[in-house]
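In what follows, a structure is listed as structure tokens, so that the remarks can point back to it.
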Amino acid sequence: MYRTHTCGELRIRDVGNKVKLAGWVQRIRDLGAMTFIDLRDRYGITQLVVDEKSTKEIFEQIEKLGREYVIQATGIVQERSNKNRNIVTGEVEVFLNDLNVLSPSILPPFTIQDDTDGGDEIRMKYRYLDLRREAVRKNLELRAKMAHATRVYLNGQNFIETETPVLIKSTPEGARDFVVPSRMNQGEFYALPQSPQTFKQLLMIAGFDRYYQIVKCFRDEDLRADRQPEFTQIDCEMSFVEQKDVLKTFEGLTRFLFKEVMDLDIDEFPLMPYSEAIENYGSDKPDTRFEMLIQDLSETVKGNNFIVFDSAEYIGAICAKGCSDYSRKQLDELTNWVKRPQIGAKGLVYVKYNHDGSFKSSVDKFYSQEDLKKWAEVLDAQPGDLMLLLSGNKKHMQTALGELRFEMGTRLELRNKNIFNPLWVVDFPLLEWNEESQRYHAMHHPFTSPKQEDMQLLEIDPGNVRANAYDLVINGVEIGGGSVRIFNKELQSTMFDKLGFTREEAENQFGFLMSAFQYGAPPHAGIAFGFDRLVSLFAGLNSIRDVIAFPKNNAGRDVMIDSPSTIADEQLDELNLKIKLKDQ
Ligand code: ASP
């Protein structure tokens, strides 16, 4: 037997017992007459001790130990004279009788403890060592717990967990595909799924009624903190349901997870139409933990010969509470912030509502105190507040104000990690005009059904058709999204047409689905949650990388295994790719 107990198990009740532990040497403190060793495993840390009563042999053995050696330690549990109240095993220690090195370690490149001295790069390269740290491992434990609870809930609701293939053909979800060359079918490629979308719809046609899968998806996109080239979804589909049934089921799942994992009771999730989210929050993923709503000031501010406003399509503003004493420097910095290319505003107009009730603005030349008071009324500003205005193209400025609101919310510490504000954003537009390609793109994906009442607009005003699509948003993070699907061949075909597919292209790529629609397709709808995002939200982390065991870096590289990498000439030959590469 390797061990009688784990390193997190021994308590005062075990005093006097002979035990055997196995684990990693975290720290050795040599105090001359006495030596302490912190032995660590997944479950905790137990102190081992040798003193003047110990044999010479055991002292010699200890001398050979180093950090991260794997050892087996046998001894008697005793009460500590100097108790450590910070750890559960802190009242006891094991008086060492015997020691066995199971595996030595060379010097680790960083310290394996919560406040490690290792930087990001080195910890990614030695991820298996980083995963030894409790702070990192506990995120993965949380992940496992959440996956388990998800299965419990969905199995309990009659969902069938079904695996779908990973080597498939391209499904457009708005990103680039990762492709895999086929050796047996030279010149042809598989695509890795951006999601199991078409397969889950086929499972509905197959009569599965309720499907789910915790599944890897792949998207070849530029990376950000909350994106990885491969990520995990809780992917679901249901038959004979309407939007509200899907929302109810998945609100149920979300609340179940909050309760099971965090012991939190969350109120019912409010519904917010997409148009309202954009108007008030400048974002389709509003962070509703704080107000600071965007107000349209276009009518209020025009007509004072301030050309910037008079010529603008839209003038919008937010009111930052208690910021009227922002310094010139702070305002300049904020102005530069909104002018960054990512935000793209031309400038920032500010109005300080001073504590004495007067106003000081960057447009005092054009507006009287009376005028500014009107703005304050619209914005519900009080003395001590700061009004921030942006002007220009409506859509662009709403987004910019949304970013500014988010930024001010962060600066004012209004985004409390311990508060969770979920909501459903509904009634998304079906289509989105893309300037670059000069055609409509599906806002969700091409299988999303238009709202019945907007169906007649499809021919005359496609841009204004709303979809039966919904997103779950929590604290400004899009946790999931889905839609009621098209289940009729003709409508699906019209949809591809609106998206600029020729008949042949549509047939070529999605003939299998449209053909399946002809064999009795049930009405169906579904949703997918971004599992990594959900876990990082629960963990209070900003990056999904921290909840993935072996993540990739910002350049999409796994620096530990050094991938992607070139492959051998023979492999290229077999795939008949070599010639093409050489031709370039
Ligand atoms: N397949 C969609 C996605 O990955 C989710 C869905 O519509 O169910 O976003």
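As the structure lists them, so they are numbered: ligands from 1, and atoms in each ligand from 1.
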Requested in this report: Would you mind running through ligand 1 and noting each atom that sits below 4.0 Å from a heavy atom of Q197?
Outcome: 1 (N), 2 (C), 5 (C), 6 (C), 7 (O), 8 (O)
**Report entry** Basic-acidic side-chain contact under 4.0 Å: E251, R255
**Finding:** yes
Report task. Measure R219 to ligand 1 on non-hydrogen atoms and call it side chain, backbone, both or neither using the 4.0 Å cut-off. Result -> side chain
Query raised in the report: So, are R176 and D220 salt-bridged, with charged N and O less than 4.0 Å apart?
Result: no
Query - Interfacing atoms of ligand 1 (cut-off 4.0 Å, heavy-atom, A528) - result: 5 (C), 8 (O)
Query raised in the report: Can you list the atoms of ligand 1 that are under 4.0 Å from a heavy atom of K200?
Result: 6 (C), 8 (O)
Report task. Compute whether any side-chain donor of one residue and acceptor of the other, for R545 and N554, lie under 3.5 angstrom apart. Result -> yes
Requested in this report: With the side chain counted from C-beta on, respond yes when K417 and N542 share a heavy-atom pair under 4.5 Å apart, and no when they do not.
Outcome: yes
Query raised in the report: Judging by distance only, is a nitrogen or oxygen of S483 under 3.5 angstrom from one on ligand 1?
Result: no
Report task. Would you give the length of the straight line joining atom CG of D454 to atom CG of N464, rounded to the nearest 0.5 angstrom? Result -> 8.5 Å
Query raised in the report: What do we get for Q201 next to ligand 1 when only non-hydrogen atoms under 4.0 Å count, side chain, backbone, both or neither?
Result: neither
Requested in this report: Can you sort out which atoms of ligand 1 are near G482, meaning under 4.0 Å from one of its heavy atoms?
Outcome: 6 (C), 7 (O)
Query - Note: D265-K259 ion pair, threshold 4.0 Å (strictly below) - result: yes
Query raised in the report: How does H444 reach ligand 1, if at all, at less than 4.0 Å between non-hydrogen atoms: by side chain, backbone, both, or neither?
Result: side chain
Report summary line: For I527, the atoms of ligand 1 under 4.0 Å from one of its heavy atoms are 8 (O)
Query - Charged N-O contact under 4.0 Å between K125 and E121 - result: no
Query - Residues E507 and R503 bridged, charged N to O under 4.0 Å - result: no
Query raised in the report: Just distances here: any N/O of S195 and N/O of ligand 1 closer than 3.5 Å?
Result: yes
Query - Atoms in ligand 1 with a heavy atom of R485 nearer than 4.0 Å - result: 6 (C), 7 (O), 8 (O)
Report task. Considering only NZ, NE, NH1 and NH2 on the basic side and carboxylate oxygens on the acidic side, decide whether D177 and K169 come within less than 4.0 Å. Result -> no
Query raised in the report: N/O to N/O below 3.5 Å, does that happen between Q233 and ligand 1?
Result: yes
Query raised in the report: Which ligand 1 atoms does G526 reach within 4.0 Å, using its non-hydrogen atoms?
Result: 8 (O)
